Structure formats: structure tokens, C-alpha cells
Amino acid sequence: MSIIIMILLLSLLILVHEVGYFIAARAFGIKVEKFSFGLPVGPVLFKTKLGETEILVHALLLGGYVSFPDDEKVSEIPLDSEERFINKPIWQRAVAVSAGVI
């Protein structure tokens, strides 16, 4: 039973971690293509679209990621767009990549 509780608590910690990245990115106007809870191996349990962001829940809940247009090989966002991570000032990028840990 304690292992199940540990896995649930770790999953909650990971979810809060990823939400930190998401909130910071959106606060600076960085487009978030995908918000994923769980590692992208195995089946997708839940998939929806919230605004312009695709929300995914994978079967293996021990991980997650936030995907920016810069991470995608094919993106509709122009390379010089203000919505791209790489086009933001260095301090905004630093806050966005640190927000999950903070």
C-alpha cells in the first residue's frame, strides 16, 4: 500500500512541476503546443484541446512534458513569431525553464 501512495505522491509532484512550466510560459506569451502528464510510452488515456494547447494523459504517469513550437519539427508558428520560446528575452526563458522547479 505504501508503494501505491508513493507513486501517487510522485505523480502529483510531477504534475505540479509541469504546471509550473505551463503557467510561466503562458504568462510570457510563449505558445504551448502540448501539455502532457505521463511519459509518452504506451497508450494515451485522455486527449483534449484546451484553447490552442493539446492536453494529453499517458498511461505511465511517472513523467511529463510541456512542448513549445520550437520543440516541434513542423509548426504553424513562423520562426520570427513572438510566441516562440527562442524569440523571448533571456530572462523570460530562464524563468520559464526554472518555473517547474521553483
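Sequential numbering from 1 along the given sequence is applied to the chain's residues. Note that the structure is predicted; figures quoted are calculated from it, not measured.
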Under 3.5 Å donor-acceptor pairs involving side-chain atoms of residues 39-52, not counting sequence neighbours:
unit_1 : atom_1 : unit_2 : atom_2 : d
K47    : NZ     : E54    : OE2    : 3.3
E52    : OE1    : K31    : NZ     : 3.4

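- Nearest heavy-atom pair across E33 and I77 is OE2-CG1, 4.1 Å.
- With F28 as the partner, the ring-ring contact (aromatic ring centres under 6.0 Å, His included) test is satisfied by one option alone out of F68, F85, W91: W91.
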### Chi angles and distances behind the side chain to side chain contact (heavy atoms under 4.5 Å, CB included) call for D71, K34
CA-CA 10 Å; D71 300 330; K34 293 180 186 174; over 6 Å; no
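- A heavy-atom distance below 4.5 Å is not found between the side chains of F35 and R26.
- Of the possible polar contacts, one joining the N87 side chain to the S81 backbone as a donor-acceptor pair under 3.5 Å is found.
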In a table with atom names and distances, give each donor-acceptor pair under 3.5 Å that connects a side chain of residues 5-24 to protein atoms at least two apart or in another chain.
unit_1 : atom_1 : unit_2 : atom_2 : d
S11    : OG     : I7     : O      : 2.9
H17    : ND1    : G100   : O      : 3.1
H17    : NE2    : Y21    : OH     : 3.1

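- Judged by distance alone, with hydrogens and angles left aside, the side-chain atoms of T53 form a donor-acceptor pair with the main-chain N or O of V32 at under 3.5 Å.
- With rounding to the nearest 0.5 angstrom, the CD1 atom of I30 is 6.5 Å from the CD atom of Q92.
- Note that CG of D70 is 11.0 Å distant from NZ of K88, once rounded to the nearest 0.5 Å.
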